[in-house]
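All ligand and atom numbering here is 1-based and tracks the order in the structure.
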Amino acid sequence: MSRKIIITIDGWSSCGKSTLAKQMAKKLGYVYIDSGAMYRAITLFFLRNHVDWTDTQAVKAALKQINLSFEFNEKSQQSEMVLNDENVEYVIRDLIIAEKVSEVSSIAEVRKFAVKQQQEMGRKKGIVMDGRDIGTTVFPSAELKIFMTADIAVRVERRFKEMFDKNPNVTIEEVKNNLEMRDYIDSNREVSPLRKAADAILLDNTNLTMQEQLDFALKLAKSKKVEPNPMQDV
Ligand code: DC
């Protein structure tokens, strides 16, 4: 049995955090947690219920009605976001959500609500969690922290391809504007802004293949005495 630690992966929007986190979790036999999906699900609830998120009391009241959980989908072999008993994994990837999620996730009450649940999920360790503040705020004493970055042009192209498959009406300008706006809000907000933790290892994957970045990350895990599960292929 491999040692159980907490692995955090933070970084800019669309630099492949979730891809790497999922692959690492699979290789190591760890649980993958997508913290961004939680902020996206809260945003979906606010939009559907016309919550005025500039009003603190309205936000507090709305959060009381939100129950977030993850369910494992055997078919996709992935854990998916559930909002009040509804699987919202696919709806929350919409550009409409991406346009508002940075604003919603900059609200102190929203962060407090999500961070508490994320910390609870890490109580038994053996997790890979990706996001913006996981190594700085959620798990400041995580054993392995990775901070990911990539050139903006490469990030835009990757996200555009991903979104275009689902919605051929999306334009490259829309995707670029959205990434730049989210990067700005995420790194300039007052509460837990996106920052590289002092002890995080920088991973710039602009010129790396997915296999190369996975090898790099697994080597880091090995240096922490966490070995891949020999029965597990990626
Ligand atoms: O990882 P993602 O693109 O799905 O995240 C969506 C948004 O949620 C992101 O723009 C900022 C916010 N977020 C956050 O503030 N803190 C996190 N730990 C994860 C995401």
Could you identify the single nearest non-hydrogen protein atom to [atom] and state the distance to 0.1 Å?
atom	value
atom 18 (N) of ligand 1	D133 OD1, 2.8 Å
atom 17 (C) of ligand 1	R132 N, 3.3 Å
atom 12 (C) of ligand 1	S105 OG, 3.4 Å
atom 3 (O) of ligand 1	R182 NH1, 2.9 Å

* To do: In sequence, state the C-alpha distance, the side-chain angles, and the governing distance for E173 and K176, and then conclude on salt bridge (charged side-chain N to carboxylate O under 4.0 Å, His left out).
  => CA-CA 5 Å; E173 284 71 34; K176 183 167 187 281; over 6 Å; no
Do any N/O atoms on [X] end up under 3.5 angstrom from N/O atoms on ligand 1?
X	result
R111	yes
K17	no
R40	yes
D34	no

* To do: Please say whether more than 12 non-hydrogen atoms of neighbouring residues, nucleotides or ligands are located less than 6.0 Å from CG in L95.
  =>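 Yes.
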* Does Q77 CD have over 12 foreign heavy atoms under 6.0 Å away? ->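 Enclosed.
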* Does the distance from a Lys or Arg side-chain N to an Asp or Glu carboxylate O, for E89 and R93, drop under 4.0 Å? -> yes
* **Pair S102-D186, side-chain donor/acceptor within less than 3.5 Å** => yes
* Mutual orientation of the aromatic rings belonging to F46 and W53 [parallel < 30°, tilted 30-60°, perpendicular > 60°] ->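 Plane angle under 30°, so parallel.
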Could you list which atoms of ligand 1 come closer than 4.0 Å to a heavy atom of [X]?
X	result
G131	17 (C), 18 (N), 19 (C)
V101	6 (C), 7 (C), 8 (O)
S102	10 (O)

* Might you work through the salt bridge (charged side-chain N to carboxylate O under 4.0 Å, His left out) test for K125 and E143, ending with a clear yes or no? => CA-CA 10 Å; K125 301 205 175 189; E143 291 86 346; 2.4 Å; yes
* **R189 and ligand 1 - part of the residue with a heavy-atom distance under 4.0 Å** =>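 The answer is the side chain.
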